[in-house]
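Written out below as structure tokens is the structure these notes cover.
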Amino acid sequence: MNPHVVQEPPSPPKQESEPPQGTERTKARKVYVPHVDIVENDETLLLFADMPGVDEHGVDITVEKNVLTLKGIVGAETPAGFELSYEEYGVGDYERSFTLSNEIDRDAIHATIKDGVLKLTLPKVKQAVTRKVTVNAG
Amino acid sequence: MNLLSRFGGRVWDPWREMGQLQHEMGRLLSGTRPAGFPQREYPPVNLYVNDNDLLMTLEMPGVDPSHVDVTVTGDTVTVTGERAAEAVKAGESLHRRERPSGQIRRAVQLPFDVDPGRTEASYEKGVLRVKLTRPETQKPRKVSVRPA
């Protein structure tokens, strides 16, 4: 059942996230777009997001109307007592939004985070039970 | 890339050399790469220093730390490991695959020798931190200037 998926080449560097049109961020911290993998089966949609440096206290997941927003806050950029001397990646928070289809049961969304990987389980709405309506002579 | 130059002007920068050396080593060790795609080293590395130590951090979420090897020889640190991609079971469909997976291998040449016996490595929240210490004999010593 797997459709042909184009394998993406090894990941490009972290992309900074643009704030929504017409708005600015209040903090000076950098915000990056986390890479995600999305897998779907009959009952659920699974989303895995790479957010190194984030633990369960730093994750913020919100659903508003049909938009799912993931946010991850990391700790201090430079370890205490050290000076940054060579940098290949920036240290910053993570943010990414997705539109959810109507088939997702918003109240049943749950998430776990381990070793910097956020795993989001989005169960689909169970099919409505068909009911038979009895008609009595009026 | 953050190239520090305390003197402000064009000064020989050991970090630039190191960066070039790294790219050379990366090219030699990584093997084939997709044509035309500028492959960056994976995982990316940051280096922090103070007078005695060097702290190397690598962003590698979702890796089993027991399968990660950190080897130190002289002035080179090599990190190897593996990151498995999420398996897609029968009946599932993959919509997006952005997270990197596969062999992890980075060899980083440091600007000074470090003591292999005093190396510490820890893996927390998906970040590997390797703390390297200069050998006692090679620590910079302050020389006091005596008035004549």
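A, B, ... follow the sequence lines: proteins, then strands. Residue 1 opens every chain.
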Inset, instruction - Side chain from CB out, backbone as N, CA, C, O: work out which of these in A:Leu47 comes under 4.5 Å of a heavy atom of chain B, or both, or neither. - result: neither
Legend entry - A:Ser97-A:Thr69 side chain donor-acceptor pair, cut-off 3.5 Å: yes
Inset, instruction - For A:Asp50 and A:Val117, work out which heavy atoms get closest and say how close. - result: OD1-CG2, 3.8 Å
Legend entry - Contacting moiety of B:Asp53, where chain A heavy atoms sit under 4.5 Å: both
Inset, instruction - Select, from B:Asp64, B:Thr57, B:Val63, the one with the greatest count of heavy-atom pairs under 4.5 Å involving chain A. - result: B:Thr57
Inset, instruction - Among the options A:Val39, A:Ile113, A:Ile38, A:Val74, pick out the one with the most heavy-atom pairs lying under 4.5 Å from chain B. - result: A:Ile38
Legend entry - A:Val54 portion near chain B, given a 4.5 angstrom heavy-atom threshold: backbone
Inset, instruction - Decide yes or no for B:Leu128 and B:Met60: does some side-chain heavy atom of the first lie under 4.5 Å from some side-chain heavy atom of the second? - result: yes
Inset, instruction - Select, from A:Pro52, A:Gly81, A:Gly58, the one with the greatest count of heavy-atom pairs under 4.5 Å involving chain B. - result: A:Pro52
Inset, instruction - Over all heavy atoms of both residues, which pair between A:Arg106 and A:Val63 is shortest? Give the atoms and the distance, please. - result: CG-CG1, 3.8 Å
Legend entry - Stacked cation flag A:Lys14 on A:Tyr32, 6.0 angstrom / 45 deg: yes
Inset, instruction - Go through the atoms of A:Val91 and report whether side chain, backbone, both or neither lie under 4.5 Å from a heavy atom of chain B. - result: side chain
Legend entry - Electrostatic pair B:Glu98:A:Arg96 at N-O distance under 4.0 angstrom: yes
